[in-house]
Amino acid sequence: MGLRSFLYLLPEAWRTWLKRPSTVRYPFGPLELPPGFRGRVVIEPDNCRGCSLCVRDCPADALELQRVSRDEFRLIFHPERCAYCGQCELSCNFGAITLSNDFVRATTDRDTLTEILVDRKPEPESEA
Amino acid sequence: MTHSLETILEALQATFPALSLDTRAMLTDETVISVPGDVLTEVVGELIESFDFYHLTTITGLDTGEGLVLLYHFWNIHGLTLYVALPYTEARVPTLTELIPGVAMYEREIHEMLGVDFTGLETSAPFLLPDDWDDTLPLRKQAVESEDEV
Amino acid sequence: MKSDKMIIPIGPQHPLLKEPIAFTLTVEGERVMEAGMRMGYVHRGIERLAQERSYVQTIHLVERVCGICSHVHATTYCQGVEALLGLEIPPRAQYLRALLCELERIHSHLLWLGVLGKNLGLDTIFMYAWRDREIVLDIMEDLSGGRVSHAINVIGGVRSDVDEAHCDEILRQLDLLTEPLARLVGLVEHERTLKARTQNVGHLSLEQIRRYCVVGPVARASGLDVDLRRDMPKAPYTDLSFKVITHTAGDVWARTLVRMQEAVESVRLCREILAQLPDGPISVKAKRRVPPGEVVSRAEAPRGELIYYIRSDGSEKPARLKIRTPTLTTLITLPEQLREVNMADVPAVLSGVDLCIACADR
Amino acid sequence: MQTAFTLLIFPGLGFIVLCAWLFDWLDRRIIARFQGRVGPPWYQPVADFIKLLAKEDILSTGINPALSTALPVLSLASVLTVSLYIPVARTAPVSFEGDLIVVLFLLSIPALAYFLAGWISGGVYGILGANRSLLQYFSYEVPFLMALSGPAILGNSWRIAQIAQQQVGTTWNLALQPLGFILAVVGLIGKLKRDPLDIPKAKSEVVGGSLTEYSGRKLALWHLAMDMQTVLGIFLLINLFLGGTSASPLWGGLGFVLKALGIVLLLSTASVLYARLRIDQLANLGWRVLAPLALMQLAATIWMGG
């Protein structure tokens with residue numbers, strides 16, 4: 001018992017030496033992400049009805065709806081505030097807003113990140 | 001569970017007539033006893049010695065608009081909460097640090113957040129708030145209104 | 001020696017501490033005479049913030065109380081709100097929640113073992129513990145989409161489901177985990193230098209544990225046989241059989257053993273949960289307004305008993321949210337544990353209690 | 001010209017510095033592979049050195065600037081002079097009877113400079129690190145010296161070159177004195193403050209130890225001195241215990257490299273396997289275990305060899 005407890009870690013260390021290192025080579029190698037990974041917010045503009053359910057439920061106030069009239073509104077997204085919790089995806093009943101797999105690109109200036117997700121203009125009335 | 005809750009309630013009622021067994025509904029297995037502030041230490045002493053309710057989970061400080069309320073949550077397989085109502089003007093309660101040394105942290109936090117004065121508690125150093133905190137009490141109701149007006 | 005008494009700051013930033021908290025040790029020679037503590041560096045006022053957010057938003061706020069045990073916070077909170085709403089969530093959701101709670105316990109204990117090893121100078125155990133922990137993180141990421149903050153809870157149940165193939169995949173990964181975990185437990189039991197650094201260090205007697213109301217593995221290592229999963233069982237734990245691990249030595253080594261054996265027990269529990277996973281829906285529609293009332297919701301977080309007090313006044317926002325995390329009870333005992341301790345033992349004592357400062361400060 | 005070459009290039013400055021960086025990289029790489037990591041690229045030690053040179057050299061108030069700069073330079077100088085006495089390619093630039101004593105003395109100067117550096121820094125961690133380095137010095141130095149004087153007695157000469165010469169062809173001192181070799185390795189780990197015994201510079205206890213206040217060029221010098229001390233410690237052990245460089249040019253050089261790699265592997269494995277000891281545990285280990293063993297070893301060699 002005496003000697004074995006002195007060199008207790010040796011067998012494990014030797015086994016690890018023979019195996020491939022378990023560190024991921026990112027960013028030099030690919031990083032596998034599961035399908036359900038909550039990354040960047042992505043919008044399906046046509047589905048959006050401007051009901052602002054997502055804006056109300058967003059814990060980080062990252063979504064903002066500027067409404068001019070029933071058919072003219074803009075959904076603005078601030079990625080730097082977003083906590084990637086996926087609540088907007090959950091609250092939206094029309095499946096307009098979802099979270100994709102890629103993560104936000106880094107930037108030095110916060111304002112360049114702000115995105116206009118939906119810029120709905122009322123369709124011009126065809127008949128007079 | 002050596003003593004069932006009922007026996008405890010009767011025994012406490014016997015020794016402390018001022019106690020009203022406020023069985024206000026507190027969900028998931030909690031029994032509430034409202035206790036006047038001045039007799040608090042004796043009740044807690046009684047609870048610890050004879051009924052083995054030594055485990056004080058925490059003290060919740062509340063600002064109900066009419067006054068301050070302290071909830072002493074005890075636990076021994078079942079939850080038992082002591083409900084101590086305090087008027088705004090005279091929010092003073094004896095400290096329990098002799099009985100339960102660990103309670104100092106909870107009391108310092110409530111003192112800082114709600115302004116309840118625990119007699120006998122050494123509260124010079126701030127507990128969670130920064131050193132240069134102007135002593136507005138964050139968890140007080142009027143702290144909320146003042147923010148809405150602005 | 002210039003002056004025999006020296007004040008040593010183990011300041012907000014220190015290699016020993018993973019999160020900001022300030023200890024000031026007055027040391028005489030190599031012996032710590034007295035320890036002062038200053039908290040509040042990561043105090044974000046979560047209880048105050050919760051009063052300005054709707055119940056749905058508070059789930060994500062409450063998940064960020066602690067970086068390591070975020071799921072158990074969200075679960076306790078949701079159970080409290082569901083009790084207020086008088087909502088009975090489907091059994092499948094209860095099982096999925098319990099599964100993630102147990103996975104998070106394994107992940108928290110393995111993370112802590114690495115931190116203990118790092119602080120005691122044994123970097124190898126840090127690398128091995130965190131390498132084996134990756135398996136658990138991968139399972140959780142597949143399950144909920146997030147390695148650490150899972151956001152799988154909604155009021156009324158759970159968000160994402162697990163199909164048959166995914167269950168087998170999780171079982172396969174759990175098998176992958178059993179063998180390295182057994183090796184880590186063996187390491188903690190036998191490695192001579194690790195035992196030399198952790199045995200009879202930072203001792204807490206059962207009497208001190210009861211006097212300071214300490215909870216969790218630290219209390220169980222001193223012989224207190226309390227575990228909320230068994231003593232106050234909520235839905236899935238009522239029909240899950242598991243053993244509460246206690247020791248009597250009450251020092252850092254006993255705490256290491258308790259945590260590692262708990263991790264092994266949790267792996268077995270996860271298998272049992274997956275085996276008995278009932279079918280059916282995973283969530284129930286919940287109203288946004290919560291009828292007035294009060295609730296005290298307790299759960300067994302990786303570090304011990306966690307309590308949520310929620311008071312609702314009928315509106316969409318909680319009137320008062322009180323959180324008391326288990327680390328606060330172990331923090332209280334630190335000045336007592338650090339007294340009369342050799343200066344070189346301070347890392348072992350501070351790591352032994354598994355401090356989660358973000359939890360304690362809220 | 002010849003002396004300039006030996007001084008500046010081969011067994012002198014150039015070779016030792018290159019070896020220091022090579023051994024440092026090897027050490028980190030071996031530890032990384034043992035821990036399931038990839039480990040740093042080959043140019044990491046050089047990059048660290050250059051980065052430190054470029055970093056700002058902050059001088060905290062209350063530290064005597066002259067003394068604080070003199071200490072790293074002093075320890076670097078003493079380590080460099082040691083490289084003159086240790087034979088690498090069979091002959092040492094300078095070799096005389098009793099150079100083993102000089103080498104042992106020069107090797108302990110950096111330890112004392114390290115203590116002084118912590119002491120004058122005045123900071124809490126500096127003083128703590130300084131005390132610990134002194135405590136550690138006393139617990140490993142005695143067994144280390146006794147273990148190293150074993151081969152000297154066997155070869156009944158205090159000239160490193162001669163001790164090495166006697167072992168060529170015949171049995172190495174390692175075979176004759178295995179216990180002495182182990183004690184020497186443990187003493188070397190203590191002297192170099194390597195992982196199981198890095199008590200004076202334990203990050204989690206005393207942050208940077210004596211070097212907490214150092215930064216920039218001076219810190220670069222300290223690290224270089226310590227790395228070179230590792231290299232020279234290994235070369236010393238090779239000469240005393242593993243028979244130095246043997247006759248044939250090819251086999252001698254290659255053999256030397258293999259022996260050096262062997263000892264590096266030994267040191268890296270030690271730092272992978274063990275947690276850091278407490279200072280009182282090290283003192284107990286030193287005086288209750290290592291010193292008696294070294295005494296026994298010494299008595300045996302005197303009775304057998306002398």
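Reminder, nothing fancy here: chain letters follow the sequence lines and each chain counts from 1. Here the structure is a predicted model, which means the values were calculated and not measured.
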### Query
Parallel, tilted or perpendicular: which fits the ring planes of C/W130 and C/F126, with parallel below 30° and perpendicular above 60°?
tilted

### Side chain, backbone, both or neither of C/L187 within contact of chain A (heavy atoms, under 4.5 Å)
both

### Query
Which region of A/L33, side chain (C-beta onward) or backbone (N, CA, C, O), has a non-hydrogen atom less than 4.5 Å from a non-hydrogen atom of chain C, or is it both or neither?
side chain

### Task
Heavy-atom distances under 4.5 Å only: say whether C/R147 touches chain A with side chain, backbone, both or neither.
neither

### Query
With a 3.5 Å cut-off and no angle check, do the side chains of A/D102 and A/S100 form a donor-acceptor pair?
yes

### Max heavy-atom pair count under 4.5 Å with chain A, selected residue of C/E134, C/E191, C/R183
C/R183

#### Entry: Residue part contacting chain A, namely of C/L143, when any heavy atom lies under 4.5 Å
neither

### Query
Would you say the side chains of A/E64 and A/H78 form a donor-acceptor pair under 3.5 Å?
yes

### Task
Go through the side-chain N and O atoms of C/Q261 and C/H247 and say whether any donor and acceptor fall under 3.5 Å apart.
yes

### Query
Is A/R49 close enough and on-axis enough to A/F94, meaning under 6.0 Å and within 45°, for cation-pi?
yes

#### Entry: Heavy-atom proximity to chain A below 4.5 Å, by part of C/S149
both

#### Entry: Whether C/H73 side chain and C/R64 backbone form a donor-acceptor pair below 3.5 Å
no

### Message
I need the residue from A/P11, A/A13, A/S91 with the largest number of non-hydrogen atom pairs under 4.5 Å to chain C.
### Response
A/A13

